[in-house]
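Here's the structure we're looking at; comments come further down.
Numbers restart at 1 for each chain; the letters A, B, ... are given by sequence-line order, proteins then strands. Everything quoted here is computed from the prediction, not taken from an experiment. Worth knowing before you read on, the calculation uses all heavy atoms, side chains too, and leaves out hydrogens, waters and symmetry mates.
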Amino acid sequence: MDYNYNEIEQKWQEWWRKEGVYKVENGGDKPHFYVLDMFPYPSGAGLHVGHPLGYIASDIYSRYKRLQGFNVLHPMGYDAYGLPAEQYAIQTGQHPAITTEKNISRYREQLDKIGFSFDWSREVRTCEPKYYKWTQWTFLQMFKHYYDNGANKALPIASLVERFAKQGTKDLDAACTEVLDFSAEEWNSWDEAKQQQVLMNYRLAYLADIPVNWCAELGTVLANDEVVNGLSVRGGYPVERKLMRQWSLRVSAYAQRLVDGLEQIDWTDSLKEIQRNWIGRSEGAAVWFPLANDGKDLKDVKDLKDPKTSFEIFTTRPDTIFGVTFMVLCPEHELIDQITTPEQKAEVEAYVTWAKNRSERERQAEVKKVSGVFTGAYAINPLTEEKIPIWVSDYVLAGYGTGAIMAVPAHDSRDFAFARHFNLPIRQVVSLEKDVVSDPSTWEESMDAKTGYSVNSGFVTGMKVKEAMAAVIDHIEKMGIGHRTVNYRLRDAIFSRQRYWGEPFPIYYRNVECGMRNEEFSIPTPIPEECLPLELPEVSEFKPTATGEPPLGHAKKWAWDTKTNTVVDVSDIDNKTVFPLELSTMPGFAGSSGYYLRYMDPHNDEAYFSKDAVGYWQKVDLYVGGAEHASGHLIYARFWNKFLHDIGMSVVEEPFQKLINQGMIQGRSNFVYRSKTDNTLFISKGLIKNMDDVTPIHVDINIVDNDVLDIEKFRQWRPEFSDARFELEEGKYICGWEVEKMSKSMYNVQNPDDLVARYGADTLRLYEMFLGPVEQAKPWDTNGIEGVHRFLKKFWKLYDNCLTAQAGQAGPTKEELKVLHHTIKKITDDIERFSFNTSVSNFMITTNQLTDLKCSSREVLEPMAVLIAPFAPHIAEELWHQLGHADSVCDAQWPVCDPQFLVEDTVKYPVQFNGKMRFMLELPADSTQEDAVKAVKEAPESAKWLTGEPKKVIFVPKKIINIVC
RNA sequence: GCGGAUAUGGCGUAAUCGGUAGCCGCGCCAGACUUAGGAUCUGGUUCCGAGAGGAGUGGGGGUUCGAGUCCCCCUAUCCGCACCA
C-alpha cells in the first residue's frame, strides 16, 4: 500500500474538525498546561515557511503534553488591527475590515493544511468588538488607577482624591509626570477642571503633552520600539520629535517590578538582557547644585533645593564629584532662560532653536558631532565650593534623569569629547593605582571604568571607587543636597495613534467652557463601563481630515450623549449633554497585551475572563514566538498583566513562564552569473575565474534544484533569457547562493502550501524541525526535504507487515523492545528540551533499525505511532486507525520507557594504572570486580603496564577501573 | 562603544555526565534492478596518504589520565542597545 499523504491528511483534518478533537474545557481532574503562540498579523502576503516554524514546535509540545495526560490549552487568533490594512484602505478605498477578513481566511486555510491542534473555538480577533471591549475596559481601569510607590501597586484614583481632600500631597509617594506640592485647602478650593488636570498627573493611563515620535508619512505617532535609527519600523519613513497631546501608559511606574520579575521566569539570558537594557535601571545619586548668581558663594545659599536658585542633576558616579569642571543642561531645560547672561543670550537662543528643530534622524546620525554653547552662568560645586561654568548641549537628553548633568571629562567619554572640543579643563579624580596621577591633557580617551582609587578627591582620596561612591552619597545626604536614587531608561508608552484601524478610546471630552477636544478646559471622561464596547465608527475616508485631525474626524456619528449613553451624530454636540469623542485610536500593542488571558475564557461577555478560568489556567506555561518582540509586546504584556494582577484580575504577576524564541528563517537565494562581455552567456559558478567579469543575477529558487539550474525552465523564465547560452561544468550549471531576507524581489520566498501539496504536511512539519534547533536562525533550504519524505515512506512501509499478515500477532523480540524503549527515552528527552531536530534524526535511526529487524510486532509499532503523533499527526492517526483503534491517536497515552530495556550490554571503562589512564576497556554491563580484574589482565594493552599481580584494584561499575601496581 | 550569542566534514547538523568526534539527513562516489531514471535498494564518503599511519571541533594557552564540552586570552560572524550621565 502506498503512502498517499494528500488523501490521508485531508481525511484526518476533516475528521478532527468534525469530532472536535482539539476542543478544550476549563477544569477537570487532569493537570493543566497552556501552550501559546504569538498570534500573527494577517498580512496580505499570506504565510511563508518562516511563520509555521514556531507553530509547529509549539504544536509538537502541546500534543506531547496532551498525550502525557495534561489538559492542554493551545489556542490561536489574529492580531488583526494594524497599519498595512489601513494603508491598503487609503489606496483602494477597501474597508480594512474586509481586507482583514479576507487575509484571515487565507491564513486559516494555510494553517489548517499543516494540521495544527489549535482549539479554534477559542479564536480571538483583536478587531472584534466583543474582544476589544476588554482592551477598552483595561484602558479605563488604568485611567481609574494610579501607582502608589509605598504600596508598590496600582490603587484606585478615588483613594487618591480622598487623600488630596484630607492632606494634599503630604507624604504622597506616587508615580507621576511632574512632582506636585499642594495642600488639602488648595485642592478643595480648585474647581473640577483643575482637579481633573491634577489627577491626570497620576493616572496610569494619562493624557499629556509629550515629545512624541511623529511620522508625517504615516500621519501618526509611534512608540519607541516602533522607531529604529530615526525611521519607522513599518515603511521606513522619517520620524521627528514633536510635542503633542497624547494618551500614554505609565509603564515606567512598573520599571522595577519589570526588572525584578525577570528573575522568576524561564527565558533565555539574552532575552532577559535585552529587556534589562531596555528598562535600563541605573543606580546613582541626585544632587542639587546651587547657582552662583551675582557672585554668590555656597554660604550665601539658604535653600539648597530651591528650584529657583539650584538645579538637580543625576549621576551614576557620585565619587567623581571632585572632578566636575563644567555642568551641562539639555536644550529644553527650563532654567536656561533664567540663567543665561545678556552677553550669551543671542548665542544660547540660537543654539536652543537649532537643537529643537533637528529631526530625530539628524540627531542620531550626528551623535559623534559635538555641539554646545556656554550660558555665561556658573554653578557651585557643593563639595569643593568651586564655581563651574554651565553649558547647554544636546548630548544631554531632556527625557532622562533631570535633563542636567555634572560633567566629569576625565571619567566620562562624552564629557571628555565635549571638554576637548571646547577646551575645557579636565581633572583626574580616579586612578587605577593608588596615588598615581597622570596629566589628563595627554590622554587620548577618558577613564570610564568603575575601578581603581580616588585621587585629588578631598575626604574620599585613597578610597576604592565603590567605597568613594557610598561615602560621597552619605555626605551629600547629610548635607541635605541630594540622595541615592535609581533612574530608568524605560519611558512611558505612548498610547495614541492617529489612525482609523485600531481600538477607539472610550473617552469623551466633557466640556466646561467651549466645544474643543484636547483643550485645557475640557475634561476627558470615560464612557460608563457598561456601555462598552465603544465600536469603531464608519468613516467616509481613511485619511486624516483636511484640518489634520485623525481619520475618526471623518466619522459622522462620533459624539457621546450622556443622557442616553449612546453614540450620536457629531452635529448633536451641544456641550451640555452631548460631547465629542476621542479621535485617536489605540496602538497595535493594545490588543496583543492581554490576548493570552482572553483565550482562557473567550466568550465571556460579563468579564474580560472569569475568576474560575484564570484560576484554573493561571498563566501561559510555554510561549513561543520571535525575539523581535523583546522590547515591545513582551514588555507591554508583562506590564498589562502586572496591572491586572494589582487590580485582582490575573492571579500571577508574570504571564509567560517559559519563553522559546524561534529563530528567523531567512531565504536562501540562488544566483546565475552573466558574463559582462557577452550578455547571453552564463557561466557556471565553478568556472568563474574572476567575479569581476560576471554579474550575479537572482534566479527563482523554484527552477533550481540543489544549486543545479534547470536550463530549460530558466530560458522560459523570462524573455530576455530565452536565448541564453551556458558554460557548464560536467554538463550542469551550478548556481551560487547566499542567505538573505525572504523576499519576493529576491525570488527566494517559499510558500508552505506548495510544499504541503508536493510532500504533505507531515513532511513539512518534520522537515522544518529537522532543519536545525528551533531557536537558531537558519536559511530555508529545501535540499534536504526529500530525505525526510523518504523517511516517512519508510515509516509507513514498516507497518505493512504488521497490518497485512498474521505476522502482526508475533510477539516482539527483545532486540525490538530495546529499540522501542531507547526511542521512547530519546524522544521524550528531546521534546522536553525542545530539541526537535534530534527527535527527527532519532525517528530515522529507529525506523532503519526496525526495518533491519523486519519488525512486525504490534506491541512495538503501536507505541511508535503514538511517539510520532506530535510530529506527524496525520500519518500517526491513519496508522493508529489501521491498527484497529476507533478513537483518535490524540487520546492515546504517551508510552512509558521500561528501564530494563535500556540496560547496555557493554560499558566502556577507562583503565588507570597508578592513577594514570592507559586505555579503554569494554566490559559486559553486569561485570563484577572479579570480571574486571580478569579482563584487565587479559587485555593486550595491559602487558605494557601490568607486571605481576596488581596491589589493589578499584572497580567502580559504569565508571572506572583503577589499578595500583 | 556597551551587552548577549555563535564558531564542528562539501552543506544542515549530532555528541544530554569531561570518556573511541562527526549520529541522522543532504550532496557526492560505486554498485544492483532497469529500455530509461530526477524511482527504488545496497555499500562508501572528515582531511592528508597508495598504504602503514598521521592530523583534526575558528586561533593561542591552561586544568585533567582524558576537553567539541571546563577556565583564561584572541579572532570572526550574527543579534540587541546606543549621547541614558
Side-chain angles (χ1 to χ4, degrees), chain A residues 228-229 268-278 280-282 284-285 313-317 320 328 330 363-364 366-370 393-397 399-408 411-415 417-418 445 448 487-491 627-628 630-631 661 663-664 666 668 705-708 710 737 739 766-767 770-773 775-779 781-791 793-794 825-826 829-830 832-833 835 837-848 907-920 922 958-960 962:
Chain A
V228 171
N229 293 330
T268 61
D269 288 341
S270 71
L271 206 93
K272 286 186 185 179
E273 208 50 44
I274 292 171
Q275 291 219 336
R276 279 194 203 102
N277 284 341
W278 190 261
R281 179 184 201 277
S282 42
I313 59 99
F314 172 75
T315 179
T316 53
R317 292 297 300 275
T320 61
V328 188
C330 65
R363 207 182 59 77
Q364 289 197 6
E366 294 169 10
V367 161
K368 294 242 158 60
K369 218 163 148 189
V370 178
S393 172
D394 67 351
Y395 85 89
V396 174
L397 304 177
Y400 185 77
T402 57
I405 61 153
M406 62 176 211
V408 185
H411 305 292
D412 182 284
S413 51
R414 297 150 301 179
D415 299 345
F418 195 80
E445 57 181 7
D448 293 15
N487 251 301
Y488 300 92
R489 208 185 70 103
L490 184 72
R491 310 284 161 82
E628 67 272 19
S631 49
N661 290 119
M664 269 237 284
Q666 298 130 306
R668 186 183 189 276
D705 188 25
N706 272 321
D707 293 337
V708 177
D710 186 318
W737 60 272
V739 173
L766 283 170
Y767 186 58
F770 184 69
L771 219 45
E775 293 176 82
Q776 194 175 296
K778 54 211 163 231
D781 180 356
T782 20
N783 287 345
I785 199 165
E786 299 276 356
V788 172
H789 188 61
R790 257 197 293 272
F791 151 69
K793 279 197 232 169
K794 272 192 224 166
K825 175 147 184 18
K826 276 187 195 154
D829 290 353
D830 287 342
E832 289 291 354
R833 60 194 175 97
S835 184
N837 55 330
T838 53
S839 307
V840 181
S841 290
N842 284 326
F843 277 123
M844 291 178 176
I845 296 167
T846 302
T847 303
N848 288 343
V907 180
K908 281 165 198 138
Y909 297 89
V911 181
Q912 304 188 357
F913 289 98
N914 294 333
K916 294 270 176 189
M917 192 274 193
R918 305 300 181 186
F919 58 88
M920 299 289 294
E922 203 167 324
K958 296 207 166 166
K959 264 197 181 155
I960 201 167
N962 199 350

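The side chain of A:K793 has B:U40 as its nearest neighbour among B:U16, B:C24, B:U40. Side-chain atoms of A:S270 lie closest to B:G4 of the nucleotides B:U16, B:G25, B:G4. When the nucleotides B:A85, B:C41, B:U16 are ranked by their closest atom to the side chain of A:D829, B:U16 comes out on top. In this structure, of B:G4, B:G25, B:A14, it is B:G4 that holds the atom nearest to the side chain of A:E273.
A:R790 comes within 4.0 angstrom of the backbone, heavy atoms only, and of no base. Here A:N848 lies in heavy-atom contact (under 4.0 Å) with sugar-phosphate atoms only. Within the nucleic acid shown, A:I405 comes within 4.0 Å of at least one base atom, counting heavy atoms only. Within the nucleic acid shown, A:N837 comes within 4.0 Å of sugar-phosphate atoms alone, with no base atom in reach, counting heavy atoms only. Within 4.0 Å of A:Q776, counting heavy atoms only, lie sugar-phosphate atoms of the nucleic acid but no base atom. As judged by a 4.0 angstrom heavy-atom cut-off over every strand, A:R491 is placed among the base-contacting residues. As judged by a 4.0 angstrom heavy-atom cut-off over every strand, A:S413 is placed among residues making no nucleic acid contact. At a threshold of 4.0 angstrom between heavy atoms, the contacts of A:P779 with the nucleic acid are absent.
For the P atom pair drawn from B:G58 and B:A21, the interatomic distance equals 15 Å after rounding to whole Å. For the P atoms, the distance from B:C79 to B:C71 is 26 Å, rounded to whole Å. Nucleotides B:G51 and B:G1 place their P atoms 50 Å apart, quoted to the nearest Å. Separating the C1' atom of B:U46 from that of B:G27 is a span of 15 Å, rounded to the nearest Å. Straight-line distance between the C1' atoms of B:G60 and B:G54: roughly 22 Å, to the nearest whole Å. Rounded to the nearest Å, the gap between the P atom of B:U35 and that of B:C28 is 25 Å. Comparing the P positions of B:G68 and B:U63 gives an interatomic distance of 16 Å, to the nearest angstrom. Taking atom C1' on both B:U20 and B:A15, the two are 12 Å apart, rounded to the nearest angstrom.
With sequence neighbours left out, A:D829 forms a salt bridge (Lys or Arg N to Asp or Glu O under 4.0 Å) with A:K825. The salt bridge (Lys or Arg N to Asp or Glu O under 4.0 Å) search around A:D415 returns none, not counting sequence neighbours. Residues passing the salt bridge (Lys or Arg N to Asp or Glu O under 4.0 Å) test with A:R489: none are found, sequence neighbours excluded. For A:D269, the salt bridge (Lys or Arg N to Asp or Glu O under 4.0 Å) criterion is met by no residue, not counting sequence neighbours.
The 5' end of RNA chain B is approached more closely, in terms of each residue's nearest nucleotide, by A:I785 than by the other of A:T402 and A:I785. Checking A:A404 against A:L271, the closest nucleotide of RNA chain B that is more toward the 5' end is the one next to A:L271.
For RNA chain B, each stem of at least three Watson-Crick or G-U pairs (distances under 3.5 Å) is given as range with range: B:1-7 with B:75-81, B:10-12 with B:24-26, B:27-32 with B:40-45, B:46-48 with B:53-55, B:58-62 with B:70-74.
Residues A:L271 and A:A630 approach most closely at CD1-CB, 3.9 Å, considering heavy atoms. Across all non-hydrogen atoms, the minimal contact from A:G784 to A:Y767 is N-OH, 3.3 Å.
Atom CZ of A:F791 is separated from atom CD1 of A:I845 by 10.5 Å, given to the nearest 0.5 angstrom.
B:G9 takes the syn form, because its glycosidic angle lies no more than 90° either side of 0. Base orientation of B:C28: anti (glycosidic angle beyond 90° from 0).
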Quick test: give all pairs of protein nitrogen or oxygen and nucleotides 79-83 of chain B nitrogen or oxygen below 3.5 Å, distance rounded to 0.1 Å.
from: B:C81; atom 1: O3'; to: A:R489; atom 2: NH1; distance (Å): 3.4
from: B:A82; atom 1: OP1; to: A:R489; atom 2: NH1; distance (Å): 3.3
from: B:C83; atom 1: O3'; to: A:R414; atom 2: NH1; distance (Å): 2.5
from: B:C83; atom 1: O2'; to: A:Y395; atom 2: O; distance (Å): 2.4
from: B:C83; atom 1: N3; to: A:V367; atom 2: O; distance (Å): 3.2

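Remark: A:E445 CD is loosely packed, at most 12 non-hydrogen atoms of other residues, nucleotides or ligands lying under 6.0 Å away.
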Checking side-chain contact (heavy atoms from CB on, under 4.5 Å) for the pair A:D448/A:R317: CA distance, chi angles, key distance, verdict?
CA-CA 10 Å; A:D448 293 15; A:R317 292 297 300 275; 5.6 Å; no

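Per the geometry, CG belonging to A:L771 stands 11 Å off P belonging to B:G12, to the nearest Å. Spacing between atom CZ of A:F770 and atom P of B:C11 amounts to 16 Å, rounded to whole angstrom units.
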